[in-house]
Each structure stands twice: as structure tokens, then as C-alpha cells.
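Small disclaimer: the values here were computed from a predicted structure and weren't measured. For the numbers below, each heavy atom of this structure counts, side chains included, while hydrogens, waters and symmetry mates do not.
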Amino acid sequence: MLLHWLANNIYNDNNGNMRLNFNPARRDYGFHFYRNADNPRPLPILPHQHESYYSLGNLVHNNNNDALALPDYVTRRFYNSRGHENNRDRVILRVREEDSNQFIVDEVYVTQHYPPNGNTGTGYDPDNTYLVSFNLLTQIQRLATIDRNDIPRIYNVEINHNSLQELENIW
């Protein structure tokens, strides 16, 4: 859901650059600066000083968390469950800042924290860190947002109570 939200909050400019509709340096939507200092490093070392990594996905309430501005479809699963797998997913952006305080996205990654109690700390798991292509982000932008109540009508299926529970887990 984080990736879906992100794909719909970036746009292609006339030069083919993907730009953000928000400012990650200002911690919009709960983004925060990511140093890429985990050992082993899950991401490549940045070659230029004007590039930075920013991470999105920490949905835990605290005084500095603007993740509350994320829409319900992104945060619903987190707030409805309190399991061990909760709050591990992350999206990381490699961005360059232009003079006009505009940000260009050079790379997007999906990753996760190591599982709790695995004696690996709280770092990101490099074995579960993946570069997302801009083509995939563009395809995600084209996806319609479907409410679960629309599924029977659109796909001509009947949903029983067990299926509804499975949908709750997915959504």
C-alpha cells in the first residue's frame, strides 16, 4: 500500500524525471532521512553529495510522525493488527534536490526491517530490498482504486463471510 500511495504522489515532468508532490526533507507523510548505515548496507553508496535517501513506512505514533497524513487504505492494516510483522515494510527513495526545493526521484526501493527477535537488530534486510522500476510505478498509477464493496459487481463474484475476512487481511 505504501508503494501504491507513492506511485500516485509522484509525476513525470516534461523531461522524463519523476518528481514528488511533497517534500521528504520536511518529513511530509512521515518520510525521514535514511543514512544507509546498516551493516551490511541494503542500498548502494550515494555517488553525489546532492543526493539523499528518504524512508517511508514508520507508522508508530509519536510527536514527530506525519505518517498520520497518509490515507486510510495505507494505514488500515497497521492500525487493525498488532502482530510481530507489523510496521516492518518500508519504501526508500533516492532523490536529488534542485535549487527550487523540488525533488527528483532517481530510484525507489521496497524493503523491510529484519524480523523481531532475530538477533539482527532493527536494520533493513538487504536480502529483502528491491529496486522498483519506473515502469512498474507508472503501471501502478494506472490501476484503479477498487473498494472491496465494488469487487462483486466488477468481477461478477459472490463473497461469503470467510472471503470477507481474507479481504480484510489483504486490504
Under 3.5 Å, is there a donor-acceptor pair between the side chain of [X] and the main chain of [Y]?
{"X": "R90", "Y": "G57", "value": "yes"}
{"X": "D13", "Y": "N15", "value": "yes"}
{"X": "R41", "Y": "N36", "value": "yes"}
{"X": "D28", "Y": "P24", "value": "no"}
{"X": "N17", "Y": "R19", "value": "no"}
{"X": "Q141", "Y": "A7", "value": "yes"}

Shortest non-hydrogen contact from I92 toward L43:
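Scanning both residues, the minimum pair turns out to be CG2-CD1, 3.6 Å.
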With the 4.5 Å side-chain cut-off for hydrophobic clustering, are F134 and F103 part of the same group?
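Yes; tracing contacts between hydrophobic side chains, which count when under 4.5 Å, links both residues.
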For the hydrophobic clusters of this structure (ILVMFWY residues joined by side-chain heavy atoms under 4.5 Å, transitively), does one cluster hold both Y11 and L93?
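No, it is not one cluster - the side chains of Y11 and L93 are not joined through contacts under 4.5 Å.
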Distance from W5 atom CH2 to I140 atom CD1, nearest 0.5 Å?
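If I round to the nearest 0.5 Å, the distance is 13.5 Å.
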We want to know whether S55 and Y124 form a side-chain donor-acceptor pair, criterion being a heavy-atom distance below 3.5 angstrom.
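Yes, Y124 and S55 have a side-chain donor paired with an acceptor closer than 3.5 Å.
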ring-ring contact (aromatic ring centres under 6.0 Å, His included) assessment of Y29 paired with F22:
CA-CA 8 Å; Y29 299 102; F22 54 88; 5.6 Å; yes
Apply side chain to side chain contact (heavy atoms under 4.5 Å, CB included) to the pair R94 and L46, showing each step before the final yes or no.
CA-CA 9 Å; R94 186 180 105 193; L46 295 173; 3.2 Å; yes
Could you tell me whether the side chain of H113 reaches within less than 4.5 Å of the side chain of D125, counting heavy atoms only?
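Side chain of D125 against side chain of H113, heavy atoms only: no contact under 4.5 Å found.
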